[in-house]
Amino acid sequence: MLVYLILFLALLVGVILLQTVLSRMENPVPGLVLPVVYLVGFVVGTLYATGAPRPGAVVSVFFPLLFSNIFVALALVLPIALLLFIYYVCRRKYRKQSQMDRMRIQDL
């Protein structure tokens with residue numbers, strides 16, 4: 001049991017470090033890869049769990065199930081929010097730098 005806990009924590013730290021490295025890249029797209037993957041996994045997993053076989057069943061099955069189990073939905077959306085928060089914090093430097101570049105251009 002302790003081994004599984006250690007593996008889970010190692011995986012969690014690895015994902016957080018990977019998100020940090022991807023978010024600090026100069027190109028903003030790699031930092032959004034993990035949140036999008038988690039979001040797609042959340043939607044597909046929820047649709048699979050509800051047994052929504054056709055596109056019309058998404059509205060009739062997905063949303064009532066999501067809001068009836070709000071705590072489950074929050075637990076599943078929490079990793080997405082954490083990854084987007086890491087992205088936002090890491091990209092702050094680039095936003096400040098681009099604002100400074102715009103000010104320098106206006107000063108010329």
Side-chain angles (χ1 to χ4, degrees):
M1 192 64 144
L2 183 63
V3 173
Y4 293 123
L5 180 64
I6 292 172
L7 287 175
F8 173 74
L9 290 176
L11 180 67
L12 183 67
V13 168
V15 167
I16 290 173
L17 287 176
L18 179 64
Q19 177 64 22
T20 304
V21 169
L22 291 175
S23 295
R24 288 187 178 179
M25 290 184 161
E26 194 168 337
N27 188 355
V29 174
L32 293 172
V33 170
L34 285 178
V36 168
V37 167
Y38 273 79
L39 181 66
V40 168
F42 167 70
V43 170
V44 169
T46 305
L47 289 175
Y48 179 75
T50 60
R54 61 193 193 296
V58 172
V59 176
S60 64
V61 175
F62 178 68
F63 291 111
L65 180 74
L66 180 65
F67 292 118
S68 67
N69 297 325
I70 194 72
F71 294 115
V72 173
L74 286 176
L76 294 174
V77 173
L78 191 63
I80 299 168
L82 177 67
L83 292 173
L84 287 174
F85 177 74
I86 292 171
Y87 176 78
Y88 176 76
V89 169
C90 291
R91 297 298 300 175
R92 189 180 309 162
K93 177 180 85 170
Y94 290 106
R95 279 192 300 278
K96 286 182 181 178
Q97 185 178 12
S98 68
Q99 288 175 355
M100 291 298 291
D101 290 342
R102 287 183 198 146
M103 286 177 31
R104 286 187 197 123
I105 290 172
Q106 287 178 353
D107 288 343
L108 292 175

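All values reported here derive from a predicted model rather than from experimental measurement. Along the sequence shown, residues carry numbers from 1.
With sequence neighbours excluded, no residue forms a side chain to side chain contact (heavy atoms under 4.5 Å, CB included) with V21.
The hydrophobic cluster around V13 extends to L17, counting ILVMFWY residues whose side-chain heavy atoms fall within less than 4.5 Å of a member. Other cluster members for F8: L2, L5, I6, L9, joined by side-chain heavy-atom distances under 4.5 Å among Ile, Leu, Val, Met, Phe, Trp and Tyr. Cluster partners of V3 are L7, counting Ile, Leu, Val, Met, Phe, Trp and Tyr whose side-chain heavy atoms approach within less than 4.5 Å, directly or via other members. Chaining together hydrophobic side chains whose heavy atoms lie under 4.5 Å apart places L82 alongside L12, I16, I86.
Identified under the side chain to side chain donor-acceptor pair (under 3.5 Å) test for residues 73-91, with sequence neighbours left out: none. Residue pairs that meet the side chain to side chain donor-acceptor pair (under 3.5 Å) test with at least one member in residues 22-41, sequence neighbours left out, are Q19-S23.
Interatomic distance, CG of L84 versus CG of L32, reported as 7.0 Å (0.5 Å rounding). One finds the OG1 atom of T20 at 10.0 Å from the CG atom of L34 (value rounded to the nearest 0.5 Å).
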Original post:
Does the side chain to side chain contact (heavy atoms under 4.5 Å, CB included) test come out yes or no for V77 and L39, once each step is laid out?
Top reply: CA-CA 8 Å; V77 173; L39 181 66; over 6 Å; no
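Residues I80 and V89 do not share a hydrophobic cluster, clusters being chains of Ile/Leu/Val/Met/Phe/Trp/Tyr side chains in contact below 4.5 Å.
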